[in-house]
Amino acid sequence: MMKDSTKNEVLVNAEAFTIATQMYVRLRRVCGRVIDVMYLVNNQDYARHVLEMARLTCDPELERLVARLSPLVELYAEPVSSIAGHKEALHKEPLPEASYSMEVTEEEIYQAQVPHHYIGALR
């Protein structure tokens, strides 16, 4: 079941990518707008925004592409993890104690400066 779902998702993304690249070219020619194709293929909200922008151009070719891409946008996979859940997990983990010194020693300063003074260090 999972294999079929993944295969379907790949097909949807491939078809959406193909249509989105055509939209990219047409939008640039018609109204000078540039879109992010990869983001469009992965984000439903952005895809809907681009579709609406393309509709507003009243260009017949863009309208045809919108008609092809609209059903695919509804099939996009939902994100697996949410940012809020990820932030929650970060706050639950205890922070490790700092095992290094924040002070810079004179030796570290000297080592950082030496390559800048000696031309042979560039070779």
Side-chain angles (χ1 to χ4, degrees):
M1 186 68 141
M2 180 68 166
K3 189 174 183 179
D4 290 337
S5 173
T6 305
K7 184 178 177 182
N8 187 35
E9 184 179 327
V10 169
L11 291 174
V12 166
N13 285 345
E15 182 67 17
F17 181 80
T18 301
I19 298 167
T21 54
Q22 294 170 358
M23 286 184 79
Y24 171 90
V25 172
R26 192 67 186 172
L27 277 169
R28 188 161 183 201
R29 285 183 187 160
V30 171
C31 60
R33 296 293 303 256
V34 177
I35 60 172
D36 186 337
V37 172
M38 291 305 296
Y39 193 55
L40 185 146
V41 171
N42 293 309
N43 186 300
Q44 274 186 338
D45 293 332
Y46 181 69
R48 288 183 186 121
H49 172 73
V50 171
L51 290 172
E52 185 59 31
M53 183 175 54
R55 279 187 197 104
L56 293 175
T57 64
C58 298
D59 180 65
E61 179 64 18
L62 280 170
E63 288 175 4
R64 186 181 68 78
L65 293 171
V66 165
R68 286 179 58 201
L69 185 59
S70 293
L72 295 176
V73 169
E74 302 308 318
L75 297 175
Y76 284 5
E78 292 297 320
V80 176
S81 64
S82 68
I83 294 174
H86 183 65
K87 284 182 180 178
E88 218 174 88
L90 286 176
H91 289 294
K92 289 181 182 178
E93 295 176 10
L95 296 174
E97 292 295 323
S99 62
Y100 55 89
S101 173
M102 295 298 284
E103 294 181 26
V104 180
T105 64
E106 286 189 36
E107 176 65 23
E108 291 172 328
I109 293 171
Y110 176 75
Q111 290 296 328
Q113 291 176 348
V114 170
H116 300 289
H117 293 215
Y118 180 58
I119 194 78
L122 298 175
R123 295 182 188 157

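It should be emphasised that the depicted structure is a prediction, and the values quoted were computed from it without experimental measurement.
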Fill in the blank from the handout: Here the pair of heavy atoms bringing L65 nearest to I19 is O-CG2, 3.7 Å
Exercise for the section: Find out if a path of hydrophobic residues (ILVMFWY) with successive side-chain heavy-atom gaps under 4.5 Å connects V30 to L56. Expected result: no
Practice task
Let me see the working for R29 and E61 under salt bridge (charged side-chain N to carboxylate O under 4.0 Å, His left out), right down to the final yes or no.
Solution key: CA-CA 11 Å; R29 285 183 187 160; E61 179 64 18; over 6 Å; no
Practice task
Please list all pairs passing the ring-ring contact (aromatic ring centres under 6.0 Å, His included) test where one or both residues lie in residues 11-44, with sequence neighbours left out.
Solution key: Y39-Y46
Completion exercise
To the nearest 0.5 Å, atom CE of M38 lies from atom OG1 of T21 at 11.0 Å
Practice task
Kindly compute the distance separating CD (E63) from OG1 (T57), expressed to the nearest 0.5 Å.
Solution key: 6.5 Å
Problem - Note, L69 side chain near L40 side chain (heavy atom, < 4.5 Å) - result: yes
Fill in the blank from the handout: Closest non-hydrogen contact found for V41 with A20 is CG2-CB, 4.5 Å
Exercise for the section: Please report the C-alpha distance between I35 and M53 in whole Å, then the side-chain angles of each, then the deciding distance to 0.1 Å, and finally whether the side chain to side chain contact (heavy atoms under 4.5 Å, CB included) criterion is met. Expected result: CA-CA 10 Å; I35 60 172; M53 183 175 54; 3.8 Å; yes
Exercise for the section: Show the numbers, then the answer: is there a side chain to side chain contact (heavy atoms under 4.5 Å, CB included) between M23 and L51? Expected result: CA-CA 9 Å; M23 286 184 79; L51 290 172; 4.2 Å; yes
Completion exercise
Distance col, row D59:CG vs L27:CG, nearest 0.5 angstrom, shows 8.5 Å
Exercise for the section: Examine distances only and state if a side-chain atom of S70 and a backbone atom of A67 form a donor-acceptor pair shorter than 3.5 Å. Expected result: no
Exercise for the section: Kindly determine whether R26 and C31 satisfy side chain to side chain contact (heavy atoms under 4.5 Å, CB included), including the steps that lead there. Expected result: CA-CA 8 Å; R26 192 67 186 172; C31 60; over 6 Å; no
Practice task
Could you tell me whether R28 atom CZ has more than 12 heavy atoms of other residues or ligands within 6.0 Å of it?
Solution key: no
Problem - Shortest non-hydrogen contact between L72 and A16, atoms and distance - result: CD1-N, 3.8 Å
Exercise for the section: Report the C-alpha separation of Q22 and V25 in whole Å, then their side-chain angles, then the decisive distance to 0.1 Å, and conclude whether the side chain to side chain contact (heavy atoms under 4.5 Å, CB included) test is met. Expected result: CA-CA 5 Å; Q22 294 170 358; V25 172; 6.0 Å; no
